[in-house]
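All ligand and atom numbering here is 1-based and tracks the order in the structure. Basis for what follows: all heavy atoms, side chains included, without hydrogens, waters or symmetry-related copies.
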Amino acid sequence: MRFEDLPTPSYVVDEELLEKNLKVLNGVVERTGCKIILAQKAFSMFAMYPLIGKYLNGTTASGLYEARLGYEEMGKENHVFAPAYRDDEIDEIISICDHIIFNSFSQLERFKDKALQAGRKVGLRINPECSTQGGHDIYDPCAIGSRFGVTIEHFRPDLLDGVSGLHFHTLCQQNSDDLEKTLNAVEEKFGPWLSQMEWINFGGGHHITREDYDIPLLEKCIKKMQDNYGLQVYLEPGEAVALNAGYLITTVLDTIQNGIEIAILDTSASCHMPDVLEMPYRPPLFASGEAGEKPFTYRLGGQTCMAGDVIGEYSFDQPLKNGDRLVFGDMAIYSMVKNTTFNGMPLPTIAVKGKDGDCYIAHQFGYQDFKMRLA
Ligand SMILES: *Cc1c(COP(=O)(O)O)cnc(C)c1O
């Protein structure tokens, strides 16, 4: 099927662009001997897992369901970290995960023996208390009062028996200079225990596939931990895997005026691109400009009844009219994994644009997907 013939709204993942990212990541793996695994939180489109598995070493999960998905659909190294595990899920997690990372010494004490008996690697998440994000607290695991990771004040070297690795995750859409700073904090605080570990996990938030990302500095950081402490280094990016590798296509349903021109689309910021409101950010839109840049400016809004369901203001060469199709960019990550059926909104179709340009539908949703989550 042609791109133009896909139904709207649809998330369309572009196989060629995804593979381009995967080759960049695989280059880091090949040159350094580190391992890179997909953080499924950002992108769980399992139809692409066979392709991703060709280039990356496996998956990581934030809990049982993502862990099951990685196990079933990629079947390579499967890691898990959760702020806390439930008694009734830990056995299944241990049965399908290779690395089990704990957020506290109490969780470690509670479940470590079980995990070790099953031959699993046990890790501890540390909090290096090194904020590099400049005041964006909802994405900063090092913010004051954060629930993530053990700080040096609460670190218990006497309880490290059986722990083969340390994990930190402190970055979000950042470059390798911030990783370097963070690693310095990790060494300064936790350096004495690094040599007794087998592996270290640098978490996610590395924007490795972004144009201006400094890959040589990343590789220097990796080599330093390998050379100084003999560690196997893991990275678990989510965003970087599918950055700019997908679209959300939508149709204009109506245009109205209220002081400004407004277009109503068959998509929704709050349901289909929640990060636009949560982050917040203005998603790229093909063939458009900033407000006022081109002759016809519109506020683009969704079909829900929420006043704030607005994607942003964009300008166009021609007036918008019913039936026009718009294509938002960078809609593979943190999109389909976060969408909702709030207000009875249909979920967008999930589609693939193949390397030859031909498109196909991977999954379509309907009324039942709205109803089955309610009672
Ligand atoms: C969110 C998260 C990731 C992935 O982060 P990205 O910003 O998508 O690269 C990796 N590890 C952990 C523990 C996370 O919480």
### Task
Kindly give the cluster partners of Ile262, where membership spreads through any ILVMFWY side chain lying under 4.5 Å from a current member.
Ile256, Ile260, Ile264
## Note on the structure
In chain-and-number order, ligand 1 lies under 4.0 Å from a heavy atom of each of Ala39, Lys41, Ala42, Arg125, His167, His169, Gly204, Gly205, Glu236, Pro237, Gly238, Glu239, Tyr334
### Task
Check whether the ring centres of Phe190 and Phe168 lie less than 6.0 Å apart, and answer yes or no.
no
### Query
Listed by chain and number, what are the ring-ring contact (aromatic ring centres under 6.0 Å, His included) partners of Tyr11, not counting sequence neighbours?
none
### Task
State which residues pass salt bridge (charged side-chain N to carboxylate O under 4.0 Å, His left out) with Glu89; sequence neighbours excluded, sorted by chain then number.
none
### Shortest non-hydrogen contact between Gly308 and Leu277, atoms and distance
O-CD2, 3.6 Å
### Query
Do Tyr281 and Asp275 get their side chains close enough for a donor-acceptor pair, meaning under 3.5 Å?
no
